[in-house]
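Contents: one structure, followed by commentary.
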Protein chains: 2
Amino acid sequence: MKLSTRSRYGLRAMYDLALRYGEGPVPLNSIADRQMVSLHYLEQLVAKLRRAGLVSSSRGAQGGYELSKPPEDITVGDVVRVLEGSFDPVQCLSVDFDHEDCEQLDDCVVRFVWKKLQDCTNRVLNSISLRDLCDGTTNLKGKACGACASDSQQAMGTC
Amino acid sequence: MKLSTRSRYGLRAMYDLALRYGEGPVPLNSIADRQMVSLHYLEQLVAKLRRAGLVSSSRGAQGGYELSKPPEDITVGDVVRVLEGSFDPVQCLSVDFDHEDCEQLDDCVVRFVWKKLQDCTNRVLNSISLRDLCDGTTNLKGKACGACASDSQQAMGTC
DNA sequence: AGGAATCCCGATTGGTTTACTTGGGATTCA
DNA sequence: TGAATCCCAAGTAAACCAATCGGGATTCCT
């Protein structure tokens, strides 16, 4: 259940880009400096995000990267899914899992646990947009997980 | 966000033990057969669970393992935490993280995202006991995540 | 007493992943 | 033209994963 540095660095880079959305291309070395990440390593992460259509690039001097959509249209889940490959906790939950590979799939109670875990992480990550990050933690604290409708939970910031 | 086979095999073994709780020691080779896992590999996993106090062992012929507590007192979270090391998504969320190592810790919005993820996974895994697994998926489907009080969510089995 | 069943322990291994680094090439702006 | 920037492929050291191997210690049963 560890996140790799790819997600951590990558999300920080996307947050950096979201803060500068609309100001033209942001060169990668400035992001690397601010976020204290190796430029070359960041290049690889951003390349994935570009191929996934989350950022667009302009080459040459005065070039750089920018979000290809407004920050409110990109969720943390979008970013993490690209960088982490997927966050299905186990293979038998992935959409392209071959049902022949496990005979007890439908009534597997253990799988059911992982399914709940997957639902929950998806819900959290999909409910937070880059815009939410820009608006800061104060705003985020009050944000529910997207499925939990209880006001008291929202007020407590626990869900 | 992948779970290793340690958690998957380990939880299946614990489920197996929970189903036989109160019937005396269960030999590991029978678990390995039923769950189709290498005996030697399972030994390593169960050794961790034993050192963590979740199972107890009796040596010699007619020996084996049994849960050291009733199934309702052991959660999936207990098991996964032992086998996976921890499921803090990032180090700066772990209890023994040195706050000197990150100067922007308190108002780090990205960290806040990981914190919400951690809260959510903890809540799900801590809310499901081995007893719940024994009672089957029908029962599990109606089980809320422990924090979400909305009846509609519970009815839908989405939280 | 002896032997089978079982837990216990440590070393090794082959493969994969992680987190980079290195070394360049292509494009664009001034 | 040349500096700034993106783009790409390869290499690498370390860690981790999922086992496997080979034995040792303890206990029950006959």
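Numbers restart at 1 for each chain; the letters A, B, ... are given by sequence-line order, proteins then strands.
- By the 4.5 Å heavy-atom criterion applied to side chains, A/T5 and A/L45 are not counted as neighbours.
- The NE2-P distance, from B/H40 to C/dG10, rounds to 15 Å in whole Å.
- Using a 3.5 Å distance cut-off with no hydrogens or angles, the side chains of B/D33 and B/S30 do not pair a donor with an acceptor.
- Note that the two end axes of the helix from C/dA1-D/dT30 to C/dA30-D/dT1 enclose an angle of 10°, each drawn from 5 base pairs, rounded to 10 degrees.
- For the pair A/L45 CG and D/dC7 P, the computed distance is 14 Å after rounding to whole Å.
- Within residues 46-59 of chain B, the residues having any heavy atom closer than 4.0 Å to DNA chain D are, in order of number, B/R59.
- For residues 41-82 of chain B, the set of pairs meeting the ring-ring contact (aromatic ring centres under 6.0 Å, His included) definition, not counting sequence neighbours, comprises B/Y9-B/Y41.
- Side chains of A/E84 and A/S4: a donor-acceptor N/O pair is present below 3.5 angstrom, by distance only.
- Residue B/R8 contributes atom CZ, which lies 13 Å from atom P of D/dC17 at whole-angstrom precision.
- Rounded to whole angstrom, the span from the CG atom of A/D33 across to the C1' atom of D/dT5 amounts to 14 Å.
- The only member of A/L125, A/N126, A/V80 that meets side-chain contact (heavy atoms from CB on, under 4.5 Å) when paired with A/T75 is A/N126.
- Remark: the backbone N or O of B/I128 is not paired with any side-chain donor or acceptor of B/D132 at under 3.5 angstrom.
- By the 4.0 Å N-to-carboxylate-O rule, A/D135 lies too far from A/R131 to be salt-bridged with it.
- Across the interface with DNA chain C, nearest-nucleotide mapping of A/A61 and A/S38 shows A/S38 to be the residue nearer the 5′ end.
- In the interface, the side chain of B/E43 is paired with the base of C/dC8 through a donor and an acceptor atom under 3.5 Å apart.
- Phosphate contact (OP1/OP2 of D/dA18, side-chain N/O of B/T5, threshold under 4.0 Å): present.
- We find that CD of A/Q44 is positioned 17 Å from P of C/dG24, with the value rounded to whole Å.
- Note: B/C120 SG to A/R123 CZ = 7.0 Å, rounded to the nearest 0.5 Å.
- Following rounding to the nearest Å, A/N29 (CG) and D/dC6 (P) show an atom-to-atom distance of 7 Å.
- Atom CG of A/L28 is separated from atom P of D/dC6 by 5 Å (rounded to the nearest Å).
- Residue contacts for A/V37: at a heavy-atom cut-off of 4.0 Å it reaches no nucleic acid atom on any strand shown.
- When each of D/dA18, C/dA19, D/dT20 is scored by its nearest atom to the side-chain atoms of A/S4, the top-ranked nucleotide is C/dA19.
- C/dT17 atom P lies 17 Å from atom CG of A/L3, rounded to whole Å.
- One finds a salt bridge joining A/D119 and A/K115 here, because a Lys/Arg side-chain nitrogen approaches an Asp/Glu carboxylate oxygen to under 4.0 Å.
- Checking A/Q44, A/R8, A/K48, A/M14 one by one against A/L83, the side-chain contact (heavy atoms from CB on, under 4.5 Å) holds for a single residue, A/K48.
- Here B/Y41 does not reach the OP1 or OP2 of D/dC17: none of its side-chain N or O atoms lies under 4.0 Å away.
- In this structure, B/Y65 reaches the C/dC8 phosphate: one of its side-chain N or O atoms is under 4.0 Å from OP1 or OP2.
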